[in-house]
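Everything below concerns the one structure shown next.
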Amino acid sequence: MIMRGNQMIDLSHYSVVDGHCHPFLPERERGELDQLLNLSTIPIPRLHSENIILYRKVMMELARVLGCPLRLDEILRRRREEYARPAEYIGRLFEEAKIDTLLLDTGYPRPPIPLEEFRRLVRCRVRCIYRLEPLISRLFQSAPPFDELLERYEEALESAVRDKGYVGFKSVIAYGFGLRIQRVEEGSAREAYERLRDEGVLTLPLRRKSPRAVRDEKTLRNYLVCRGIEKSIDLDVPFQIHTGIGDSPYIDLREANPLHLFDVIRDEELGKAKIVLVHAGYPYVEEAGFLANNYPNVYIDLSEMIPFIGPGMREKILQLLYMSPTTKILYGSDGYNIPEIFWISAIWGKQALSEALQELVESGAIDEDYAYKAGRLILWENAVRLYKLPPVGL
């Protein structure tokens, strides 16, 4: 907490706009809770999964909320009882965390979650981010001629914003292809697509493609992502891009460093886009902070770093604040599968932000009034401005 004279500044009372998360349904929950609080798709032995600090923190906070002893079996039993009335349970958690608005990446999970059903569960404001990759996969499955593919691709992106109310785009090209994105001439993209189409390998998994086919697909996807960025400029919506940590073993973290986006960020045309570095590039946090400091079009989203690095959140938020303008940092959780991720992210994330701001106040870098302002900016004001959202209900 931040001292204001003899009073504590308590950011837990601030509302949040969760700038990056995913819809979920209770009936789709698979596995025990300890397996749902790490980022690996590889089963983690319970000996280890129950000893991740994030899991211990969630159990401790759930014991408080549910009013039960701090015993894992009892907490899990009470959770099952409470979650049998999902809207009430989710509402209780979201109200405590002051979650005002969710910006959903609807590209995960697959098959899609019915959004009206999800809205009835969470009882808060919901807006959506349009992920490029499911659209690309659908187009690859139908394999139309290149000109038709491009026409359908751009029409779908435009319709998502103009007709369906999406407030931004997102790409996860880092999975499988990395972030070394460069501009591709249309002729090169066309040739790559036609080779993949003629060979009938468009829809094959990467591991079953030849090295040349993988290179062709990277060329094609680079082209489509850049066209998506250009469309975000035309429609004046932000473009989120996955950086840093993700689901293991599918992400090659070495290729997910946000510095690999340098060619995109400094490009004369693409540089006009509002690029949001999702997950703060963790563990490349200071690199992300450098980009936000030096390029007007770069923003940073804290999701997945919050809450998955647990006690390390304070230190990493502080590293971002060394260089990043507070007007460029946006709160997010990357909540998915279970409501507790959304909830613990807001609860613990606000605490970590308070502690980071406290250190800046105590060092004389900022005053207490600005600490309050920075808290509001990061937790909701920046998202409201960037995504053109209604003001939060404070």
Side-chain angles (χ1 to χ4, degrees), residues 11-12 14-22 37 39 54 57 97-105 129 168 170 172 174 238-246 256-258 261 274-293 298-336 340-360 371 373-387 389 392:
L11 295 184
S12 67
Y14 280 27
S15 297
V16 302
V17 172
D18 192 333
H20 179 67
C21 51
H22 304 269
L37 287 168
L39 297 174
L54 174 60
K57 175 68 170 177
K98 305 292 183 187
I99 298 172
D100 181 274
T101 304
L102 304 176
L103 299 187
L104 298 178
D105 169 4
I129 304 293
K170 183 192 174 189
V172 291
F239 192 96
Q240 298 183 352
I241 188 160
H242 179 108
T243 63
I245 52 175
N257 187 326
L261 292 169
K274 292 173 280 192
I275 301 290
V276 182
L277 305 178
V278 177
H279 312 322
Y282 182 87
Y284 309 108
V285 171
E286 290 174 293
E287 289 87 337
F290 166 81
L291 292 172
N293 176 284
V298 177
Y299 297 78
I300 294 174
D301 155 84
L302 300 176
S303 69
E304 207 165 271
M305 189 180 83
I306 294 177
F308 286 98
I309 68 168
M313 291 185 289
R314 181 200 65 82
E315 177 188 353
K316 293 303 179 183
I317 291 172
L318 194 59
Q319 287 178 354
L320 283 175
L321 290 170
Y322 290 162
M323 291 192 74
S324 305
T326 58
T327 47
K328 296 280 209 78
I329 304 172
L330 299 96
Y331 168 79
S333 71
D334 201 27
Y336 66 103
E340 287 84 2
I341 296 176
F342 299 76
W343 161 74
I344 199 65
S345 296
I347 296 292
W348 207 2
K350 283 187 275 191
Q351 179 185 334
L353 176 58
S354 295
E355 292 169 357
L357 292 170
Q358 177 180 0
E359 186 162 335
L360 293 177
K373 179 179 179 180
R376 290 193 304 271
L377 287 168
I378 292 168
L379 293 172
W380 63 269
E381 285 187 4
N382 292 337
V384 165
R385 183 182 68 255
L386 186 63
Y387 294 99
L389 305 173
V392 304

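Please read all numbers here as calculations on a predicted model, not as lab measurements.
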Measure across [X] and [Y] and return the closest heavy-atom pair with its distance rounded to 0.1 Å.
X      : Y      : answer
Thr326 : Ala374 : CG2-CB, 4.1 Å
Ala292 : Pro325 : O-CD, 3.8 Å
Met313 : Ala352 : CB-CB, 3.7 Å
Ala383 : Val17  : CB-CG1, 3.7 Å
Asp100 : Ser15  : CB-CB, 4.3 Å
Ala280 : Leu320 : CB-CD1, 4.3 Å

Please check if the side chain of [X] supplies one atom and the backbone of [Y] the other of a donor-acceptor pair under 3.5 Å.
X      : Y      : value
Lys274 : Val298 : no
Glu304 : Leu39  : no
Lys350 : Ala97  : yes
Tyr331 : Ala346 : yes
Thr243 : Pro258 : no
Arg376 : Tyr14  : no

_Intermediate values then yes/no, side-chain contact (heavy atoms from CB on, under 4.5 Å), Thr327 and Asn382_ = CA-CA 6 Å; Thr327 47; Asn382 292 337; 4.2 Å; yes

Contact check, side chains of [X] and [Y], non-hydrogen atoms, under 4.5 Å:
X      : Y      : result
Ile275 : Ile241 : yes
Asp105 : Val278 : no
Asp334 : Ile341 : no
Phe239 : Lys170 : no

*Evaluate the criterion side-chain contact (heavy atoms from CB on, under 4.5 Å) for residue pair Leu291 and Leu261; output intermediate values, then yes/no.*
CA-CA 10 Å; Leu291 292 172; Leu261 292 169; 5.6 Å; no

Is there a donor-acceptor contact under 3.5 Å linking the side chains of [X] and [Y]?
X      : Y      : result
Ser303 : His279 : yes
Asp301 : His20  : no
Asp18  : Ser333 : yes

How many angstroms lie between atom [atom1] of [X] and atom [atom2] of [Y], to the nearest 0.5 angstrom?
X      : Y      : atom1 : atom2 : result
Ile99  : Trp343 : CD1   : CH2   : 10.5 Å
Cys21  : Phe342 : SG    : CZ    : 4.5 Å
Leu386 : Tyr299 : CG    : OH    : 5.5 Å
Ile300 : Met323 : CD1   : CE    : 10.0 Å
Gln351 : Ile306 : CD    : CD1   : 11.5 Å
Leu54  : Leu37  : CG    : CG    : 5.0 Å

*asked:* Between Leu353 and Leu11, does the side-chain contact (heavy atoms from CB on, under 4.5 Å) criterion hold? Intermediate values first, please.
replied: CA-CA 8 Å; Leu353 176 58; Leu11 295 184; 4.0 Å; yes

*Please say whether more than 12 non-hydrogen atoms of neighbouring residues, nucleotides or ligands are located less than 6.0 Å from NZ in Lys316.*
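Counting neighbours around NZ of Lys316, more than 12 heavy atoms of other residues, nucleotides or ligands fall under 6.0 Å, so yes.
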
*Around Lys57, counting heavy atoms of other residues, nucleotides and ligands shown, do more than 12 lie under 6.0 Å from its NZ?*
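Enclosed: over 12 neighbouring heavy atoms sit under 6.0 Å from NZ of Lys57.
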
_Among Glu355, Gln358, Glu359, Gln319, which residue satisfies the side-chain hydrogen bond (donor to acceptor under 3.5 Å, both in side chains) criterion with Arg314?_
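With Arg314 as partner, Glu355, Gln358, Glu359, Gln319 yield a single side-chain hydrogen bond (donor to acceptor under 3.5 Å, both in side chains), made by Glu359.
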
_Among Leu379, Ile347, Ile378, Val392, which residue satisfies the side-chain contact (heavy atoms from CB on, under 4.5 Å) criterion with Val16?_
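The passing option is Leu379.
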
*Show your working on side-chain contact (heavy atoms from CB on, under 4.5 Å) between Leu330 and Tyr387 and close with a plain yes or no.*
CA-CA 11 Å; Leu330 299 96; Tyr387 294 99; 4.0 Å; yes

